[in-house]
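Data first, discussion second: the structure below is written as structure tokens.
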Amino acid sequence: MMADTVLLVFARAPRLGQVKTRLIEALGAHGALRVHETLLARTLQQAAAFSGPARLLLDQPDEALEHHAERLGLTVGLQRGEGLGERMSQALAESLNEWPRALLVGSDCPILDQDYLRLAATRLDTGRVVLGASEDGGFVLIGGSDARVWASGSLFERVRLGTGYALADTLVALNHEPGVSVLPPLWDVDLPEDVRRARVLGVLD
């Protein structure tokens with residue numbers, strides 16, 4: 001089952017002052033960049049351990065990061081589309097034309113693991129959409145088993161991505177779709193208190 005599921009990692013290329021901007025005031029631009037790089041490296045390790053195909057999709061080219069991902073066994077591409085919602089929809093639709101199931105994750109969740117990915121893939125055995133909830137009201141994972149759900153690219157038009165309403169808005173947008181499953185919540189590193197939490201748990205230096 002997992003071999004028939006593709007894992008997509010959506011990530012921003014590491015650029016000083018352009019990543020983890022909500023951490024810059026507390027940690028400085030270099031500190032925020034290190035957090036981003038650490039989280040991304042951990043996510044890529046999880047993707048490399050995934051038993052199905054895995055693909056890194058970047059917001060802009062980054063030769064060093066691309067080579068690193070390829071050494072880990074991932075394929076690499078660029079996100080395509082105007083906004084994040086359109087880019088996610090397009091990536092899922094295209095992937096589902098090639099594989100029976102697709103999971104899409106970001107690079108900000110330090111506790112995302114293989115058990116969670118397996119649970120998500122299993123939910124797609126009987127459902128069409130799976131969402132991994134985030135404690136802040138967003139989601140850490142989204143996946144599907146039917147390209148038609150994402151083909152129009154309009155699913156996220158009214159979803160307030162990046163806010164505490166993202167999960168609720170997405171569920172409203174999917175209200176007409178049968179077989180939508182929500183996984184137990186995890187958490188992302190977005191704010192200084194998240195960094196402290198991750199360090200206490202030993203999942204971030």
Side-chain angles (χ1 to χ4, degrees), residues 1-12 39 43 46-47 49-57 59 77 79-190 194:
M1 178 266 295
M2 294 284 280
D4 291 336
T5 305
V6 60
L7 176 63
L8 309 172
V9 177
F10 255 46
R12 300 188 69 183
L39 292 169
T43 303
Q46 289 294 323
F50 189 68
S51 59
R55 183 166 176 78
L56 171 64
L57 293 171
D59 66 332
Q79 302 166 23
R80 296 191 294 128
E82 290 301 316
L84 178 58
E86 184 179 326
R87 296 197 301 268
M88 289 194 297
S89 291
Q90 186 163 321
L92 286 165
E94 290 178 354
S95 297
L96 288 168
N97 286 325
E98 189 172 352
W99 290 282
R101 305 172 192 84
L103 303 176
L104 187 154
V105 300
S107 64
D108 298 328
C109 181
I111 57 172
L112 180 73
D113 59 16
Q114 297 302 307
D115 288 341
Y116 201 81
L117 294 173
R118 278 192 291 270
L119 178 60
T122 299
R123 293 291 178 88
L124 293 176
D125 280 343
T126 54
R128 297 177 70 185
V129 178
V130 62
L131 288 154
S134 175
E135 290 180 1
D136 63 5
F139 50 86
V140 301
L141 175 152
I142 188 165
S145 59
D146 189 338
R148 292 171 296 180
V149 175
W150 320 98
S152 71
S154 62
L155 183 88
F156 295 104
E157 278 183 354
R158 298 187 179 182
V159 175
R160 289 165 284 184
L161 293 168
T163 76
Y165 301 99
L167 177 61
D169 288 349
T170 302
L171 290 173
V172 169
L174 290 165
N175 187 51
H176 64 288
E177 294 290 344
V180 177
S181 179
V182 179
L183 304 183
L186 301 182
W187 50 279
D188 283 331
V189 173
D190 292 316
D194 302 322

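Below, each value reflects all heavy atoms present in this structure, side chains not excepted, and no hydrogens, waters or symmetry copies.
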> Under a 4.5 Å cut-off applied to non-hydrogen side-chain atoms, are Val129 and Trp150 in contact?
Replying inline: yes
> Is there side-chain contact between Leu104 and Phe10, with heavy atoms separated by less than 4.5 Å?
Replying inline: yes
>> Test side-chain contact (heavy atoms from CB on, under 4.5 Å) on Phe156 and Leu84; report intermediate values, then the result.
In response: CA-CA 9 Å; Phe156 295 104; Leu84 178 58; over 6 Å; no
> So do the side chains of Arg101 and Asp125 get within less than 4.5 Å of each other, counting heavy atoms only?
Replying inline: yes
>> Tell me if the CZ atom of Arg160 is crowded by more than 12 foreign heavy atoms within 6.0 Å.
In response: yes
>> Ignoring hydrogens, what is the shortest heavy-atom contact between Leu155 and Ser152? Give both atom names and the distance.
In response: N-OG, 4.5 Å
>> Could you check whether any side-chain N or O of Ser181 sits under 3.5 Å from a backbone N or O of Leu124, counting only pairs where one atom can act as donor and the other as acceptor?
In response: no
> Which heavy-atom pair separates Gly138 from Ala166 by the least distance, and what is that distance?
Replying inline: CA-CB, 4.0 Å
>> Out of the candidates Arg12, Gln90, Arg87, only one should pair with Gln79 under the side chain to side chain donor-acceptor pair (under 3.5 Å) rule; please name it.
In response: Arg87
>> So, taking the atom named CD in Gln46 and the one named OG1 in Thr43, what distance separates them when rounded to the nearest 0.5 Å?
In response: 8.0 Å
> So how far is it from Glu177 CD to Leu171 CG, rounded to the nearest 0.5 Å?
Replying inline: 12.0 Å
>> Testing the basics here: between Arg128 and Pro178, what is the closest heavy-atom pair and its distance to 0.1 Å?
In response: NH1-CD, 3.5 Å
>> Are Asp188 and Phe139 packed together at the side-chain level, in the sense that at least one heavy-atom pair is separated by less than 4.5 angstrom?
In response: no
>> Among Leu167, Leu103, Leu131, which residue satisfies the side chain to side chain contact (heavy atoms under 4.5 Å, CB included) criterion with Ile142?
In response: Leu131
> Can you tell me how far CG of Leu96 sits from CZ of Arg148, rounded to the nearest 0.5 angstrom?
Replying inline: 11.0 Å
>> Can you give me the closest heavy-atom contact between Ser134 and Asp136, atom names plus distance?
In response: OG-OD1, 2.8 Å
> Does the side chain of Leu119 reach to within under 4.5 Å of the side chain of Val130, using non-hydrogen atoms?
Replying inline: no
> Considering all heavy atoms of both residues, which atom of Ala102 and which atom of Ser95 are nearest to each other, and what is their separation?
Replying inline: CB-CB, 4.1 Å
>> Is there a side-chain contact between Val149 and Leu174 in this structure, where contact means two heavy atoms from C-beta onward sitting under 4.5 Å apart?
In response: yes
> Roughly how far, to the nearest 0.5 Å, is OH of Tyr116 from CG of Leu183?
Replying inline: 4.0 Å
>> Measuring only between side-chain heavy atoms, which start at C-beta, is Arg158 closer than 4.5 Å to Asp169?
In response: no
> What is the minimum heavy-atom distance between Leu8 and Ala91, and which atoms define it?
Replying inline: CD1-O, 3.8 Å
> Heavy-atom distance under 4.5 Å between the side chains of Phe50 and Thr5, does that happen here?
Replying inline: yes
